[in-house]
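Comments concern the structure below.
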Number of protein chains: 2
Amino acid sequence: MSLAGLFPIDKWNFKTQSILNNLPENESAGLLPYMQEQRYGKGEIIFREGTRASGIYFIKKGKVKKYQVDQAGKEQIIYVANTGELIGYHAILAEEPYPDSAATLEESFIAFIPKENFLNVLENSTELPRRLLKTLSHEFTVLTNSISVFAHRSVRERLAISLIVLREKFKAETPEGKDIFINLSRSDLANIVGTGHENIVRFLSEFKAAGIITTHGRKICVKDIRQLVKISGYGNV
Amino acid sequence: MSLAGLFPIDKWNFKTQSILNNLPENESAGLLPYMQEQRYGKGEIIFREGTRASGIYFIKKGKVKKYQVDQAGKEQIIYVANTGELIGYHAILAEEPYPDSAATLEESFIAFIPKENFLNVLENSTELPRRLLKTLSHEFTVLTNSISVFAHRSVRERLAISLIVLREKFKAETPEGKDIFINLSRSDLANIVGTGHENIVRFLSEFKAAGIITTHGRKICVKDIRQLVKISGYGNV
DNA sequence: TAAGAATTGTGATTTTTTTCAATTTTAAAA
DNA sequence: TTTTAAAATTGAAAAAAATCACAATTCTTA
């Protein structure tokens, strides 16, 4: 079933189109030869908040958490980037250190593009800045939306929202017709929702008891998405 | 005294440089003649979330809250824009409806630039897209930072942070050496911090009793900013 | 000026969330 | 497979925050 009209999934995803795909040939020619693909094991750090940015990263396959760690050592996941998304460009465009850290949530294949090549193409491109402006502006919508949710919604609601959003992300790699499994540690889930892992477990138990989800080990399968939408607070508007 | 080294004030402000100031003459020539300045009374709405964007707004003088209202009717202020800042460009660049609403917090003078003129200059400019990319990327830092804070910090900490940030915003219009007064309704303050006005009042009383602030009617004067920084959680790292 | 409305402030109660302490289960390594 | 470590789960207590009810003050405006 589609979420269209039920849940504003677009307000939770950065990606509208792929930034690098189908660039005019003369522009992609400045990038493709310099892309160095690399395999990252699960949980590997790609870059660290506060460090100098040396390039951007294109996720060819995999999932990456973008997160900040506060002074108390608590991790907050800002966004989960999926296959096809570009990361690391904020630091370079803002001429600032990385505003957040990035680490893989599963085995991933990621291509690195050195800063110089990226900036060089950006200088001489008309399409790339346009796409970046569009993407960055849409990201504003997403982050703004997140702030409202963190400021006002309960943990239970936020978990429901997160499950809906994550389901979409894990949907991409699931064969048509098969069950979609959200495969994340409880801690990662807690750091997305912004609470402790104990609370996550509690509400997952509740959802399980209500028949909304099933769990298979750590993997979560959403069985009644309408119910989740309802809990999320978006359903009954 | 300076906040440098004590508190990351840059992580709370969008503005790094003015986007429109000192543009090359041939570029500003496409904007300035079309700018229509208008006076807004306190509390007037400039644009509404979800509506079609017809242009951008330049705050010549005044303060504007950017906010979202959730399905329960609760308002969350995402950002307070000050004199010299540009608003409304996200919607146009993302080709989406306004992601948030904007309303004045005090009497303001704001110039409107029609979408067509803005896009026209953007097409033919090299400097404007560069500045917008930089500003938007920096905004990512700011919003990302806000998310972490909303997700993990207590109301008391968030109020302390907000007072430090707001003090900087009200500083701009305060003559050198004079006391800086934060002049906001308790509700607006509550909607910045993300709580009810009762909680704001309670913590303000506490801060007052501790000699950290004084109040003069609704106006708040910060007397001991070091103490505020300490409460904010940034001081003792 | 007085009436009414809006804002500010206080107290008490309820709900939510966090934290602490264990136990069970699962995953990883020898 | 056994051992060990890590992750998931449950329960109870403490702390934080939201909510409700209402009083006091300030602001509007008739």
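Both backbone and side-chain heavy atoms feed into the values below; hydrogens, waters and symmetry mates do not. Naming: A, B, ... by sequence-line order, numbering from 1 per chain.
For the atom pair B:Arg153 CZ and B:Ser146 OG, the distance stands at 11.0 Å (nearest 0.5 Å).
In this structure, A:Arg226 forms no cation-pi arrangement with A:Tyr234, as its terminal cationic atom is not both closer than 6.0 Å to the ring centre and no more than 45° off the ring axis. A cation-pi contact links B:Lys63 to B:Phe170, judged by a cut-off of 6.0 Å to the six-membered ring centre and 45° from its axis. A:Lys219 forms a cation-pi arrangement with A:Phe181, by the criterion of a distance under 6.0 Å to the ring centre and an angle within 45° of the ring axis.
Regarding contacts with the backbone of D:dA7, every side-chain N or O of A:Ser187 stays at 4.0 angstrom or more from both OP1 and OP2.
Note: CZ (A:Arg186) to P (C:dA27) measures 11 Å, nearest angstrom. Atom CG in A:Leu105 sits roughly 14 Å away from atom P in D:dA7 (whole-Å rounding). The separation between B:Ile200 atom CD1 and D:dA18 atom C1' is 13 Å, rounded to whole Å. Here C:dG9 presents its P atom at 14 Å from CZ of B:Phe207, a figure rounded to the nearest Å. Regarding A:Phe150, its CZ atom lies at a distance of 17 Å from the C1' atom of C:dT16, rounded to whole Å. Rounded to whole angstrom, the span from the NE2 atom of B:His152 across to the C1' atom of C:dT19 amounts to 15 Å. Protein atom CD of B:Glu198 is 15 Å distant from nucleotide atom C1' of D:dA16, rounded to whole Å. For the pair A:His197 NE2 and D:dA8 P, the interatomic distance rounds to 9 Å; values are reported in whole Å.
Closest-nucleotide positions on DNA chain C for B:Arg202 and B:Ser185 were compared, and the one nearer the 5' end corresponds to B:Ser185. Positionally, the nearest nucleotide of DNA chain D for A:Val201 lies more toward the 5' end than for the other of A:Ala151 and A:Val201. Taking the nucleotide of DNA chain D with the nearest heavy atom to each of A:Leu204 and B:Lys74, the more 5' of the two is matched to A:Leu204.
Closest contact between the side chain of B:Asn199 and the listed nucleotides D:dT9, C:dG9, D:dA18 involves D:dA18. Distances were taken from every side-chain heavy atom of B:Thr195 (C-beta onward) to each of D:dA18, C:dT18, C:dT19; the shortest belongs to D:dA18.
Ring centers of A:Phe47 and A:Tyr57: under 6.0 Å apart, within the cut-off.
Note on B:Arg156 versus B:Glu206: salt bridge recorded, some NZ/NE/NH1/NH2 to OD/OE distance being below 4.0 Å.
Judged by distance alone, the side chains of A:Thr141 and B:Glu96 do bring a donor and an acceptor atom under 3.5 Å apart. No side-chain N or O of A:Glu44 forms a donor-acceptor pair with one of A:Thr104 less than 3.5 Å apart.
Each end of the helix from C:dT1-D:dA30 to C:dA30-D:dT1 yields a helix axis from five base pairs, and these two axes differ in direction by 50° (to the nearest 10 degrees).
In terms of modelled atom types and a separation under 3.5 Å, the side chain of A:Lys171 and the main chain of A:Ile180 share no donor-acceptor contact. With hydrogens and angles ignored, the 3.5 Å screen pairs a side-chain donor or acceptor of A:Gln76 with a backbone N or O of A:Ile192.
For CZ of A:Arg48, the number of neighbouring non-hydrogen atoms (other residues, nucleotides, ligands) closer than 6.0 Å is 12 at most.
Residues from residues 153-166 of chain A with heavy atoms under 4.0 angstrom of DNA chain C, sorted by number: A:Ser154, A:Val155. A heavy atom closer than 4.0 Å to some atom of DNA chain D occurs in no member of residues 211-222 of chain B.
The aromatic rings of A:His90 and A:Phe14 stand perpendicular to each other, their planes meeting at an angle above 60°, with 30° marking the opposite boundary.
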